[in-house]
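Naming convention: chains lettered A, B, ... in sequence-line order (proteins, then strands); numbering from 1 in each chain. Just so it is clear, the structure is predicted and the values come from calculations on it, not from any experiment.
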Amino acid sequence: MFDFVKTVLIALPKGFYTTFKHLFKKPVTLQYPKEKMPMAPRYRGLHYLEKYEDGSERCVCCGLCASACPADAIYMEPAENEKGERYSEVYEINLLRCIYCGFCEEACPEEAIFLGHEYEFSNDSRDAFIYTKGQMLANRPTKEKPFKKIIRKVRRIF
Amino acid sequence: MSDDSNNINLTIDGQQVSVPRGTTVLEAARSIRIDIPTFCWHPKLKPAGSCRICYVEIEKARTLMVSCATDVAPDMVVHTASEKVLQGRKAVLEFMLMNHPLDCPTCDKGGECDLQNLTFKHGVDDSRFDFKKYRHIRDKNSTFDDLRIGSEIIRNQNRCILCYKCVRANKDIFGEQDLGAYQRGNITEINTPPGEQVDSLYSGNLVEICPVGALTNTDWRYKIRVWNTQTVDSVCSYCADGCNLTLWKDKQKIYRATSRRNDNIDEGWICDVGRYGYQVPMAEDRLTTPLIKKGDSQVPATWEEALGLISEKFKKIKDERGGVCIGGLISPNLDSLSLHTFSKFFRMVLNSNNVDFRAGYKMLPEKADDLYSKLTSLPFKISDIEKSDLILVLDSDLTKEHPIVNLRVRKAVTQKNASLFALNPITTQTGGIATDEMVYNIGTLHALLNGLCISLIDQNLTQYENARDLKNKLSPNTIEEASRISGIDVARINSLAKAITEVKNISLIAGELLTSSINREQLSGAIINLCLLAGIFDKGQVGVLSQAANSKGAEKLAVMPHLSERSILKIKQIWDKYPDNDGLALDQMIRSSIKEELDSMFIIGSNLMLEYPDGAVVKEGLEKLDFLVVADICETETTQIADVVLPLSTWVEYDSSFVNLESVEQKFKAAIKPVGFSLPAYQIINKIAQGFKTPLFETIDELIPEIKTLLQPDDSQNSFENCAIEYIEEKQNPEFEIPLLITNELHHFGYFTEKSNSLSNFCSEAFLEISPGLAEKLDVKNGSIIRVESEVGKINLPVKISEYIDNDVVRAYRNFSASPVNILQMRKRNIDRVKLTVVEGT
């Protein structure tokens, strides 16, 4: 008798209560391709290269990102532009090797490389994962992201 | 160390150390491996004490002392790492970084910068100076302040910490005045005098000793970060000095060459030819596959085809007409293994003595054991030059021929107070510091030396017993006559004779003009007479300097047709046989080819068409050959007429060794893999020998003991006898009266250095150097085109008026394939004479 009361009259409504409660709640799951989750400010996704306001590249090809990279995913070749400045003629990241640790953005003294929020870059060819400089410059988000400020705080760049 | 009274005992960081008087505290500390950081100190420069980073605390001293400029004193107590010292260093660094820009990411010195390293070690990570850094602005529109102060040097004054190392080295070591410090205080800048450039032969060293990135090379600029490169120990492959190099490479590319200090040879300085010469192997037009001539064109072929053809042809010639109908020429810029294999191939496989390495000489002496080879076998040490009290330079423009020997001579003269006498047909750069520079009439050196000998005898300055006897053998045999012929005053000859007898240690240096002269037996004899009379054999050294990186090695490894008895014995000892036929020297080979006695030639690494000092003869000779095989690194005038062209690897692509002018064998290592399908010369030769079913070696280890035996110095003492010297005036065509000298250009060596971009930036086209007096007479100015005409050929060259020529001699350069000046030369003439006609631009 006591068991009956315990299971049918208490536990069952209690369980249904939880079920029915969620019927009226907003669902947690996202309809992924249509909807996207907001990213954490310091999420480390696909890399991009930053530019100055006047459109020139920030990267001077110093090689610190490549030497900080634990996966040895970055390859670069410096060159001299017509002004006599140093810039990267070739800048490639092998996204299959990259472990998205963010050391490159931490090492960069020119604040040129960042790991953005982009994560949709699956492909069916390995070659497509060699991410070139042009792609990385094009991938640059248009408006200033708040996490840039956070990075500056973390690295205490003056 | 034996004399304790000269030693001083002191304590450094609790360790007792005993050093000779006059040592600095810094050197004393380094001798017991205590590290004191430095910027402005350099082992070969005088201390300047301008950077102050080497502070140490000396007890009882009022302040911190700069250790590089403080001499040790008895019972000194030094602390190199006390709290006060560290504080001092930190303060010095803070001041240095006050105006130093934070552009390490773009600075090529980043990664090997002394300032960067010391800042990490001692410095602070923040600056207390809030004001803006001072910027030496070059261009207001640019953020970059780089200024090109030399062909290959870029200066960024913002980065400079004013250690003055470059200015001091340039002035004290290289004797150049083209770099100085201007302005003062905060805005001091290192710069050239207005309108000038740093383009001396030693300019690359200034970059190398710069402790920060203020001076950078254009060849290394923005190419690669230093930590991505690997270093390889190498040896310079150009002149015979044999400077030690470090090559910086990554994968298949060499990025730069720096010096690897060897106090016996280079003391850490190298010339720009060696520094930028690594760019020749990096040239884009390297030969990568063998080529076989089919019809009028050369078509690419495989190694099997090419080697098969060569073996077949050589075999046919050997069987039908004998191995003596094949001639062999190898470049003395190749390594010992290749030279040895070449000689072995000709002597063992072809049974012929027709091997030679002297492409740039006129008629060579045709017997072994001559006076010249006696002189060259004498021991000579570059480091002993500075021990001499008197240096006698004969027939040699040292700066152009032996830049590092030149620096030693300069050191001996400027730092050790030796006196220098230069006897040359033209004024030289080295002669600028000479006590007396005797510019004699070209081709009269033996007359002048005779005069000197007579002066020694007449003034009774000699201890040589056969002096009177010798005097009768000399012609001219009066000092007045010698003076008239050579154009040097009697008084000057007498004073030189006196100077020679007064000193204790003499270095006699003779160079290229003597070595490649037709008269070299006479000249060698004259030198021997002088050495006997002045006793130079007993109280000094005689160096007849060889020219190319391995010329000495080629001599010792018997890559010559006529060998001395000793060499033949050695060869019989290692190979059990020696061809008994008479070999042909290069000059004879070309003559036999014209007479159609020689059927084939095998040339390795030599551009005979450009190098041989008689363009017309060599062209005829090579074209008459039935079968010409040329191995070289790039396409040249000689490979174009060859039947088979083989791609040759350069010295950076394999391990081997060079023998420098001191007869020191120096090993070098491969930096990169052979380019394309090219092979080292010794492998090419061995593959051809395999076609004869007689391979020369299985592994190169077999050759090493053979080379070692051949390179062993001769123990037997050479005895010298006086020689009869007769000066005969060379008949000349009155129409062609201006003597022509052909040498290497200052920034070039041989015919390939024009492929090096950096060296081409210094000088990329041939010119004719003439004296200001002659220019006035012809009414020409710099850049005017002049037609240079000799009895056999003519060529148009732009004029350059030079302060280094002050008589009617003109000088042309053999390094430029666009202007083959060898067509002006004749193999029988000792002195080539030309006629000058102005074409345009008066």
Do any of residues 106-121 of chain B have a heavy atom less than 4.5 Å from a heavy atom of chain A, and if so, which, in residue order?
->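 Contacts with chain A: T106(B), D108(B).
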If you check every heavy atom in residues 274-286 of chain B against those of chain A, which residues fall under 4.5 Å?
->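 Answer by number: none.
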Just do the ring pair (Phe, Tyr, Trp, His ring centres under 6.0 Å) check on Y134(B) and H136(B) with the steps written out, would you?
-> CA-CA 7 Å; Y134(B) 182 80; H136(B) 295 259; 5.0 Å; yes
Please check if any side-chain donor atom of [X] sits under 3.5 Å from a side-chain acceptor atom of [Y], or the reverse.
| X | Y | result |
| --- | --- | --- |
| N761(B) | E152(B) | yes |
| Y91(A) | E89(A) | no |
| S203(B) | D272(B) | yes |
| S56(A) | D54(A) | yes |
| N158(B) | D145(B) | yes |

First locate atom CZ of R140(A), then atom CD of E57(A), and finally report the distance between them rounded to the nearest 0.5 Å.
->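 That separation rounds to 10.5 Å.
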Rounded to the nearest 0.5 Å, how far apart are CG of L115(A) and SG of C98(A)?
->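 The SG atom of C98(A) is 6.5 Å from CG of L115(A), to the nearest 0.5 Å.
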Portion of I154(B) that has a non-hydrogen atom of chain A nearer than 4.5 angstrom =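 When you check distances to chain A, no heavy atom of I154(B) falls under 4.5 Å.
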Under the criterion side-chain hydrogen bond (donor to acceptor under 3.5 Å, both in side chains), which of T192(B), N191(B), N170(B) is the partner of D178(B)?
->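 Going through T192(B), N191(B), N170(B) one by one, the side-chain hydrogen bond (donor to acceptor under 3.5 Å, both in side chains) with D178(B) is satisfied by N170(B) alone.
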Best-contacting candidate, P78(A), C61(A), A79(A), against chain B by heavy atom pairs under 4.5 angstrom |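 Of P78(A), C61(A), A79(A), P78(A) has the most heavy-atom pairs under 4.5 Å with chain B.
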Please walk me through it: do E77(A) and Y75(A) pass side chain to side chain donor-acceptor pair (under 3.5 Å)?
-> CA-CA 7 Å; E77(A) 273 178 26; Y75(A) 172 75; 2.3 Å; yes
